[in-house]
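What follows is one structure encoded as structure tokens, with my remarks underneath.
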Amino acid sequence: MITPAAIRVKLPIISGKEIDTDHSESLYGAISAVAPAIHQQDQIAISPIFGERALGKRLRLSRKSYFFVQCDASQIPMVLPLAGKAVQLRNDHIRFGVPQLMMIRPAGTLFCRLFVMRNAIDEEKAVSNLRSKLLDLLGEESAHLDITPLRRRIVRIHGKKITGFGIRIAGLTDEQSVIVQSQPLSGRRKYGCGLFVPAGGKDDARD
């Protein structure tokens with residue numbers, strides 16, 4: 001297997017107190033308004049904002065809150081206009097900090113907050129679809145991986161409710177881990193879906 005070279009550009013949130021937990025559409029809209037070149041790039045992915053544990057439908061922000069844009073090295077200049085920009089997410093105002101480069105960090109267990117795929121409307125189908133994707137991506141070596149469905153979640157995009165599930169994958173080698181984090185295994189990646197990150201931290205604990 002060849003390890004992909006995707007890069008994550010981290011955008012700290014330097015001002016703002018709370019946002020809606022379901023903020024993916026408004027975040028993508030705000031990013032596209034400031035950096036319209038991102039809107040034209042199908043392979044770019046945008047994570048949800050990582051904050052403290054959600055309270056109801058609200059997510060509390062902290063000095064450690066951030067999101068990342070995942071892209072190829074050649075696309076990094078498209079992200080730079082976001083530096084220092086103040087944006088509005090529905091009724092909430094936040095400001096982005098200075099972009100920071102993050103290499104994808106391998107971990108034996110990965111977490112995806114919201115995995116969505118056509119017709120994956122229950123846990124069994126979501127796991128089956130993901131396992132099929134992993135088979136294509138990693139080959140027979142993926143058969144031993146432990147895939148665990150987590151909480152059912154809904155994201156609203158263009159007025160439609162999109163159903164998905166949290167997913168945890170365990171038993172990955174370092175190379176497999178980087179590949180899974182780099183490749184598109186789910187749709188709606190500009191809306192925070194389908195992005196796997198190392199499990200076990202606050203990023204997979206919120207709401």
Side-chain angles (χ1 to χ4, degrees), residues 1-12 22-50 66-83 85 87 89 96 98-107 110-120 126 129-139 142 147 153 155-158 160 162-167 169 172 174-199 203-204:
M1 291 180 291
I2 298 175
T3 301
I7 290 175
R8 289 174 172 173
V9 184
K10 177 180 178 179
L11 275 297
D22 184 4
H23 59 263
S24 297
E25 183 176 29
S26 56
L27 177 62
Y28 176 51
I31 289 171
S32 298
V34 175
I38 291 177
H39 182 72
Q40 306 298 325
Q41 303 297 316
D42 292 338
Q43 295 305 311
I44 284 180
I46 301 170
S47 79
I49 292 175
F50 300 123
Y66 72 95
F67 70 97
F68 63 79
V69 178
Q70 184 163 303
C71 59
D72 294 332
S74 63
Q75 297 170 318
I76 292 174
M78 300 179 188
V79 183
L80 300 183
L82 298 175
K85 292 297 191 295
V87 300
L89 307 185
F96 304 143
V98 177
Q100 306 166 20
L101 296 186
M102 302 169 58
M103 299 306 294
I104 291 178
R105 175 170 61 88
L110 299 177
F111 166 80
C112 174
R113 182 181 182 276
L114 185 61
F115 178 83
V116 299
M117 186 174 287
R118 189 182 299 275
N119 297 323
N129 285 351
L130 177 56
R131 194 169 290 283
S132 177
K133 284 277 189 177
L134 291 173
L135 180 63
D136 291 341
L137 185 64
L138 304 176
S142 68
I147 303 175
R153 291 186 171 95
V155 62
R156 289 171 177 79
I157 301 174
H158 304 314
K160 295 182 179 180
I162 309 298
T163 300
F165 298 88
I167 294 283
I169 305 175
L172 294 153
D174 283 357
E175 184 180 13
Q176 290 173 336
S177 178
V178 172
I179 292 173
V180 169
Q181 292 181 74
S182 300
Q183 297 301 305
L185 294 173
S186 168
R188 314 283 185 173
R189 281 163 47 89
K190 287 184 179 178
Y191 297 95
C193 303
L195 282 162
F196 283 86
V197 298
D203 294 349
D204 67 344

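Atoms considered below: every heavy atom in the structure, side chains included; atoms not considered: hydrogens, waters and symmetry mates.
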Discussion item. Within the 4.5 Å heavy-atom criterion, are Leu138 and Val180 side-chain neighbours or not?
Written reply: yes
Fill in: Shortest non-hydrogen separation from Gln43 to Pro184 and the atoms involved
OE1-CG, 4.3 Å
Item to complete: Could you tell me the separation between the CD1 atom of Ile31 and the OG atom of Ser26, rounded to the nearest 0.5 Å?
Response: 9.5 Å
Practice prompt. Using modelled atom types only, decide if a donor and an acceptor are shared between the side chain of Arg156 and the backbone of Asp22 within a distance under 3.5 Å.
Written response: no
Discussion item. Just verifying a value: how many Å separate Cys112 SG and Leu130 CG, rounded to the nearest 0.5 Å?
Written reply: 8.5 Å
Fill in: Heavy-atom donor-acceptor pair, Ser47 side chain to Phe67 backbone, under 3.5 Å
no
Discussion item. Once you measure the plane-to-plane angle for Tyr191 and His158, does it fall in the parallel (<30°), tilted (30-60°) or perpendicular (>60°) bin?
Written reply: perpendicular
Practice prompt. Only counting residues at least two apart or in another chain, list the ones meeting side-chain hydrogen bond (donor to acceptor under 3.5 Å, both in side chains) with Arg8.
Written response: Gln70, Gln181
Item to complete: Rounded to the nearest 0.5 Å, what's the gap from CG on Leu114 to OG1 on Thr163? Could you check?
Response: 9.0 Å
Worksheet item: Which pair of non-hydrogen atoms, one from Val34 and one from Pro81, has the smallest distance, and what is that distance?
Response: CG1-O, 3.5 Å
Practice prompt. Could you tell me whether the side chain of Leu101 reaches within less than 4.5 Å of the side chain of Val9, counting heavy atoms only?
Written response: yes
Worksheet item: Can you tell if the side chain of Ile169 reaches within under 4.5 Å of the side chain of Phe115, non-hydrogen atoms only?
Response: no
Worksheet item: Just checking, Lys190 and Tyr28: is the charged tip under 6.0 Å from the six-membered ring centre and within 45° of the axis?
Response: no
Fill in: Nearest non-hydrogen partners of Gly194 and Arg189, listed with the distance
O-NH1, 4.1 Å
Discussion item. Suppose we screen for side-chain hydrogen bond (donor to acceptor under 3.5 Å, both in side chains). Which residues come up paired with Gln41, at least two apart in sequence or across chains?
Written reply: Gln75
Worksheet item: Any side-chain heavy-atom pair from Ser142 and Arg131 closer than 4.5 angstrom?
Response: no
Discussion item. For a quick test of reading the model, state the closest non-hydrogen atom pair linking Pro12 to Gln100 and the distance between them.
Written reply: CG-NE2, 3.4 Å
Practice prompt. Would you check if Leu82 and Pro99 make a side-chain contact, meaning some heavy-atom pair closer than 4.5 Å?
Written response: no
Response to the item:
In this structure, CG of Leu27 is separated from CZ of Phe96 (nearest 0.5 Å) by 5.5 Å
Item to complete: Would you please test Leu110 and Ser177 for side-chain contact (heavy atoms from CB on, under 4.5 Å) and show each step?
Response: CA-CA 7 Å; Leu110 299 177; Ser177 178; 3.5 Å; yes
Worksheet, complete the sentence: CG (Leu185) and CG (Asn129) are apart, to the nearest 0.5 Å, by 11.5 Å
Worksheet entry | Close side-chain approach of Leu11 and Val79, heavy atoms under 4.5 Å | yes
Fill in: Donor-acceptor pair, side chain of His23 and main chain of Leu89, under 3.5 angstrom
no
Worksheet item: When rounded to the nearest 0.5 angstrom, what distance separates CG in Leu172 from CZ in Phe196?
Response: 9.0 Å
Discussion item. Quick check: closest heavy atoms across Cys193 and Gly187, and the distance to 0.1 Å?
Written reply: CB-O, 3.3 Å
Worksheet item: Do Leu195 and Phe68 come within less than 4.5 Å of each other through their side chains, counting heavy atoms only?
Response: yes
